[in-house]
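See structure below.
Naming: A, B, ... by sequence-line order, numbering from 1 per chain. Every value quoted in this text rests on a predicted model; they were computed, and no experiment measured them.
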Number of protein chains: 2
Amino acid sequence: MHGKKPDIDRVFHALGDPTRRAILEKLSEGPMSVSRLAEPLAVTLAAVVQHLQVLEESGLVQTEKLGRVRTCQIAPGGLSVAAQWIGDRRTLWERCLDRLGELLAEPDERRLDVPTGGRPKGE
Amino acid sequence: MHGKKPDIDRVFHALGDPTRRAILEKLSEGPMSVSRLAEPLAVTLAAVVQHLQVLEESGLVQTEKLGRVRTCQIAPGGLSVAAQWIGDRRTLWERCLDRLGELLAEPDERRLDVPTGGRPKGE
DNA sequence: TTATTTGTCAAGTGGATACTTAAGTATTTT
DNA sequence: AAAATACTTAAGTATCCACTTGACAAATAA
């Protein structure tokens with residue numbers, strides 16, 4: 001209730017980069033090694049590794065190294081954090097829309113005196 | 001189908017900044033003027049105006065100026081873009097999990113020779 | 001062993017960007 | 001008209017961040 005959520009920061013920052021989202025898209029096809037991830041990506045392997053660090057610290061991706069190959073996959077809860085934040089804002093906003101709708105839906109009782117033509121300003 | 005989605009880029013980039021998310025949170029309480037948005041924000045009015053430009057170009061916020069005051073509100077479709085992208089990745093990933101689940105759920109037919117105790121690699 | 005694959009680390013660079021200050025515009029108030 | 005309000009715009013700055021190069025480490029293949 002009163003707690004901060006520093007995860008949110010990291011998650012949205014991570015999602016803010018197109019290359020990182022591309023990595024997530026690829027990973028949503030299934031687990032994959034670092035070099036296979038890098039293959040279609042127009043950046044060096046080193047860059048991909050750096051992105052993976054960000055993604056892992058944000059909780060969006062899990063990795064495990066076996067032998068010389070590190071296998072990456074999407075982490076269970078990661079995207080939920082972002083999804084929930086967005087969901088919350090949307091419901092709040094829609095509730096706000098509803099209130100507006102209620103007002104506009106009762107022109108009889110409220111006697112909104114909207115002049116038929118000619119607004120104070122604009123267009 | 002074959003089109004690029006530059007909206008997604010802008011939306012996620014916009015959401016990547018904490019101050020911009022704070023603005024959206026405030027706006028989810030309802031429409032608000034620029035200066036009222038700036039009030040609790042530990043940055044100057046000018047900075048808020050710049051953030052609002054980003055938010056508006058990304059389609060997350062709508063503004064309208066009447067007289068000398070610009071009123072801002074959350075834009076209808078904006079958050080949906082992000083929500084849908086996240087939703088898509090999640091379903092893809094869950095489908096992938098399902099496949100894995102199917103494999104693990106039928107040890108009889110498939111003859112997966114998983115040794116009863118002891119996975120190939122550590123926990 | 002030697003070579004290849006696969007990834008890691010460190011340092012540096014260039015460009016993006018969040019922020020500030022300061023000056024300017026338009027609107028409303030007095 | 002003069003002053004205050006509510007932004008707007010421009011320019012400068014400092015930091016962050018994505019990316020590269022290059023050297024290095026570890027596991028596998030020849």
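Judged by distance alone with a 3.5 Å cut-off, a donor-acceptor contact links the side chain of A/Arg68 to the base of D/dA27.
Shown here are the salt bridge (charged side-chain N to carboxylate O under 4.0 Å, His left out) partners of B/Arg70, two or more places apart in sequence or in another chain: there are none.
For the pair A/Met32/A/Cys72, no side-chain contact is recorded, criterion being any heavy-atom separation below 4.5 Å from C-beta on. Contact of the A/Val54 side chain with the A/Asp17 side chain is not registered, since no non-hydrogen atoms from C-beta on lie closer than 4.5 Å. Put simply, the side chain of A/Asp7 does not reach to within 4.5 Å of the side chain of A/Trp85, judged on heavy atoms. Using a 4.5 Å heavy-atom cutoff, the side chains of B/His13 and B/Ser58 are not in contact.
A/Thr63 has no side-chain polar atom (N or O) that falls below the 4.0 Å cut-off from OP1 or OP2 of C/dG7. Distances shown here put every side-chain N or O of B/Lys65 at or beyond 4.0 Å from the OP1 or OP2 atom of C/dA26. At D/dA18, none of the side-chain N or O atoms of A/Thr19 fall inside 4.0 Å of OP1 or OP2 (strictly under the cut-off). The shortest distance between the side-chain N/O atoms of A/Ser35 and the OP1/OP2 oxygens of C/dG7 is below 4.0 Å.
A/Arg36 comes within contact range of no nucleotide atom at all, as no heavy-atom separation falls under 4.0 Å.
Side-chain proximity of B/Val34 to D/dT21, D/dC7, C/dT27: nearest is D/dC7. Picking from D/dA6, C/dA18, C/dA22 the nucleotide with the shortest atom distance to the side chain of B/Ala46 gives C/dA22. Taking the side chain of A/Ala47 as heavy atoms from C-beta on, and the options D/dA18, D/dC7, D/dT20, the nearest nucleotide is D/dT20.
In this entry the distance linking CZ of A/Arg10 with C1' of D/dC17 reads 15 Å, nearest Å. D/dT5 atom C1' lies 16 Å from atom CZ of B/Arg70, rounded to whole Å. Following rounding to the nearest Å, B/Glu39 (CD) and D/dC7 (C1') show an atom-to-atom distance of 15 Å. Atom pair B/Asp17:CG and C/dA18:P shows a separation of 5 Å (rounding to whole Å applied). Atom CZ of B/Arg21 is separated from atom C1' of C/dA18 by 14 Å (rounded to the nearest Å). Put simply, CD1 on B/Ile23 is 11 Å from P on C/dA18, counting in whole angstrom units. Nucleotide C/dA18 holds its P atom 14 Å from the CG atom of B/Leu41, rounded to whole Å. Atoms CG (B/Leu15) and P (C/dT17) sit 15 Å apart, rounded to a whole Å.
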Worked check of side chain to side chain donor-acceptor pair (under 3.5 Å) between B/Glu64 and B/Thr71 | CA-CA 5 Å; B/Glu64 188 190 13; B/Thr71 305; over 6 Å; no

Check step by step if side chain to side chain contact (heavy atoms under 4.5 Å, CB included) holds for B/Leu79 and B/Val81.
-> CA-CA 5 Å; B/Leu79 281 177; B/Val81 175; over 6 Å; no

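Of the residues in residues 48-58 of chain B, B/Gln50, B/His51 come within less than 4.0 Å of DNA chain C through at least one heavy atom, sorted by number.
In terms of position on DNA chain D, the residue among A/His13 and A/Thr44 whose nearest nucleotide sits closer to the 5' end is A/His13. Comparing B/Leu45 and A/Ala42, the nucleotide of DNA chain D nearest to each residue sits closer to the 5' end for B/Leu45.
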Just list the side-chain donor-acceptor pairs under 3.5 Å for residues 43-52 of chain A, sequence neighbours left out, or say none.
from: A/Thr44; atom 1: OG1; to: A/Ala47; atom 2: N; distance (Å): 3.4
from: A/His51; atom 1: ND1; to: A/Arg20; atom 2: NH1; distance (Å): 3.2

